[in-house]
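Below: the structure, in structure tokens.
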Amino acid sequence: MRVTVDSERCVGAGQCALNAPEVFDQDEDGIVVLLAREPREADAEGVRAAGDLCPSGSVTVHED
């Protein structure tokens, strides 16, 4: 699994950081910051939830 984010599309909803705080954070404006491009297996469920719940489609989960 790997993750990409599009900070230009991000609306700052924070679902990514809430569901997978080891993988995502937010900057001072609430925009997504990717902390781990290849998340650990322990974070996989939260990463998938973040991708599903992101209202702007900024988070993309690639199941390699």
Side-chain angles (χ1 to χ4, degrees):
M1 167 187 286
R2 62 188 172 84
V3 180
T4 56
V5 297
D6 183 348
S7 59
E8 296 295 316
R9 293 179 69 179
C10 180
V11 296
Q15 290 301 310
C16 54
L18 288 172
N19 284 283
E22 298 297 321
V23 180
F24 305 99
D25 198 357
Q26 292 177 284
D27 68 12
E28 61 277 351
D29 295 321
I31 302 302
V32 64
V33 175
L34 183 61
L35 302 176
R37 183 180 199 125
E38 296 182 7
R40 300 173 307 152
E41 184 59 38
D43 298 318
E45 185 176 331
V47 169
R48 288 184 188 102
D52 290 342
L53 295 171
C54 180
S56 64
S58 298
V59 175
T60 304
V61 178
H62 307 272
E63 300 281 353
D64 295 335

May I ask you to decide if Asp29's main-chain N or O and Asp27's side chain share a donor-acceptor pair within less than 3.5 Å?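 Indeed, once roles are kept as given, a pair shorter than 3.5 Å links the two residues.
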Determine the minimum heavy-atom distance between [X] and [Y], stating which atoms define it.
| X | Y | result |
| --- | --- | --- |
| Asn19 | Pro21 | C-CD, 3.7 Å |
| Gly57 | Arg9 | O-NH1, 3.7 Å |
| Cys10 | Gly30 | SG-O, 4.1 Å |
| Pro55 | Val11 | CG-CG2, 4.1 Å |
| Ala20 | Gly46 | CB-C, 3.8 Å |

Measure the [atom1]-[atom2] distance between [X] and [Y] for me, rounded to the nearest 0.5 Å.
| X | Y | atom1 | atom2 | answer |
| --- | --- | --- | --- | --- |
| Glu38 | Asp43 | CD | CG | 13.0 Å |
| Asp6 | Ile31 | CG | CD1 | 10.5 Å |
| Glu8 | Ser56 | CD | OG | 11.5 Å |

Do Val33 and Leu35 come within less than 4.5 Å of each other through their side chains, counting heavy atoms only?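 Yes - at least one pair of side-chain heavy atoms lies under 4.5 Å apart.
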With Phe24, which of Cys16, Pro39, Ser58 fulfils side chain to side chain contact (heavy atoms under 4.5 Å, CB included)?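 That would be Cys16; it is the only one of Cys16, Pro39, Ser58 passing the side chain to side chain contact (heavy atoms under 4.5 Å, CB included) with Phe24.
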What about Val23 and Val61, same hydrophobic cluster or not, with Ile/Leu/Val/Met/Phe/Trp/Tyr joined at side-chain heavy-atom distances under 4.5 Å?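 Yes: a chain of side-chain contacts under 4.5 Å links Val23 to Val61.
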Enclosure of Glu63 CD (heavy-atom neighbours >12, cutoff 6.0 Å):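 Yes, because the 6.0 Å sphere around CD of Glu63 holds more than 12 heavy atoms from other groups.
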